[in-house]
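Keep in mind the model is a prediction, meaning the values are calculated, not measured. Heavy atoms only: backbone and side chains are in, while hydrogens, waters and symmetry mates are out. Just follow the structure's listing: the first ligand is 1, and inside any ligand the first atom is 1.
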Amino acid sequence: MPDVYPLTSGDATLIAHSVDGVFIFILAIASFFFLLTQGFLIYFALKYRRRKGIEQPTPYITGNTVLEIVWVIIPSLLLVAIFGYGMVVFLRMRTPIPGAMEVQVTASQFQWSFKYPDGRTALNELRLPVGKPVKLIMTSKDVIHGFFVPAYRQKQDVLPGRYTYLWFLPRQAGSFDLYCSQYCGTGHSIMRGKILVMPVADYQAWEEREEQKQKGAAASPVEKGEKLFQDSGCLGCHSIDGTPKVGPTLKGIFGSTVVLDNGKTLTADEEYLRESIVDPNAKIVKGYQPVMPTFKATLKDDDVAAIIAYLKTLK
Ligand code: HEC
Ligand SMILES: [Cu+2]
């Protein structure tokens with residue numbers, strides 16, 4: 001799976017193009033009036049310049065009511081239009097779609113830490129599935145930082161002792177730069193991250209792998225072994241409290257003396273336990289039937305080691 005996806009065509013997020021729309025709208029109005037006023041300025045400067053031989057007194061104008069009404073009303077209407085358009089887009093930008101996936105963001109000098117809903121954490125890299133709304137709930141450990149994703153046209157201050165939020169719906173797979181937009185200290189310029197938006201199937205595969213990894217890393221062999229022991233049906237035939245069932249109890253099995261059906265005795269060590277699990281019929285315990293199935297195919301070497309670690313704790 002690549003770490004960087006090529007940008008597919010389309011808008012980066014659901015609202016990114018709306019922000020551009022507001023920007024272009026304001027830019028167009030401003031450009032129009034800039035050209036209009038500068039045009040008149042140049043025109044008048046040329047038209048009424050002082051010319052040799054022509055003595056023309058400047059007309060004395062005290063007011064023009066119609067003109068004044070026009071230049072108050074038109075700009076006012078335009079400002080209301082800019083406000084209205086901006087407000088509509090702003091409200092869309094600030095109102096999360098219900099059911100958005102929530103990610104906790106903690107900023108600190110000088111890194112971004114992300115916590116996914118399942119508890120996994122990541123540093124400076126936020127992976128998201130394309131097409132799913134996300135809500136970031138953000139706070140800072142120290143000073144004021146700013147969460148800024150230029151491609152998403154979104155920026156939000158991240159404050160210590162307070163939550164702020166930001167939401168978006170990524171529409172495009174790809175890698176998007178994340179910057180800190182507040183000068184937060186000497187390392188401010190290295191406070192950068194990435195938002196990696198992945199196709200849904202890739203995201204799910206990645207998520208599963210990560211969960212597996214974290215589970216494996218977090219659980220000790222004993223915990224893992226106990227879980228496997230319960231999940232593999234061992235308890236159907238073995239007790240852990242001393243009572244015999246279809247098979248002998250596994251309480252205190254490690255280090256105990258086992259009597260086999262051929263009269264021999266041995267001390268149950270790791271190798272004996274391993275063999276009993278992957279090749280149960282190699283040695284049969286006296287008084288029991290050779291009915292234990294082999295777990296050679298279902299349990300990996302790691303799993304067997306974990307179960308043995310667990311069996312050792314059954315004193
Ligand atoms: C269908 C019932 C059954 C299941 C399920 C089963 N066992 Fe057994 N197991 C037995 C029987 C019967 C014996 C004794 C006969 C023999 O040695 O094969 C035995 C023996 C053992 C022994 C040797 C015990 C001793 O006292 O020397 C170990 C260790 C063991 N099993 C571990 C396991 C583990 C771990 C699992 C689960 C992964 C498991 N068994 C699942 C029936 C079962
Ligand atoms: Cu910062």
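F40 and Y43 have perpendicular rings, their planes meeting at more than 60° on a 0 to 90° scale where under 30° would count as parallel. Note: Y85 and F25 have perpendicular aromatic rings, judged against thresholds of 30 and 60 degrees for the angle between ring planes.
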Return all side-chain donor-acceptor pairs below 3.5 angstrom for residues 307-315, not counting sequence neighbours, or 'none' if the list is empty.
unit_1 : atom_1 : unit_2 : atom_2 : d
K312   : NZ     : E270   : OE2    : 2.6
T313   : OG1    : Y310   : O      : 2.5
K315   : NZ     : K312   : O      : 3.3

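The existence of a salt bridge linking D279 and R274 is excluded, since no basic side-chain nitrogen approaches an acidic carboxylate oxygen closer than 4.0 Å. Contact check on R120 versus D118 returns a salt bridge, with a Lys/Arg side-chain nitrogen under 4.0 Å from an Asp/Glu carboxylate oxygen.
Counting only protein N, O or S atoms, 4 lie closer than 2.8 Å to the Cu ion (ligand 2).
Remark: F148 engages no residue in a ring-ring contact (aromatic ring centres under 6.0 Å, His included) (not counting sequence neighbours).
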Q | Worked verdict on K194 versus D177 for side chain to side chain contact (heavy atoms under 4.5 Å, CB included) | A | CA-CA 5 Å; K194 269 198 179 345; D177 292 325; 3.0 Å; yes
Q.
Assess the residue pair I15 and Q154 against the criterion (side chain to side chain contact (heavy atoms under 4.5 Å, CB included)); give the C-alpha distance rounded to whole Å, side-chain angles, the decisive distance to 0.1 Å, and a yes or no.
A. CA-CA 9 Å; I15 53 105; Q154 265 167 305; 4.1 Å; yes
Within the protein, flag every N or O under 3.5 Å from an N or O of ligand 1, and note the pair and distance.
unit_1   : atom_1 : unit_2 : atom_2 : d
ligand 1 : 7 (N)  : H238   : NE2    : 2.8
ligand 1 : 9 (N)  : H238   : NE2    : 2.7
ligand 1 : 17 (O) : K283   : O      : 3.3
ligand 1 : 17 (O) : V285   : N      : 3.2
ligand 1 : 18 (O) : P280   : O      : 3.3
ligand 1 : 27 (O) : Y272   : OH     : 2.4
ligand 1 : 31 (N) : H238   : NE2    : 2.8
ligand 1 : 40 (N) : H238   : NE2    : 2.8

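A side-chain N or O of D241 and one of S239 form a donor-acceptor pair less than 3.5 Å apart.
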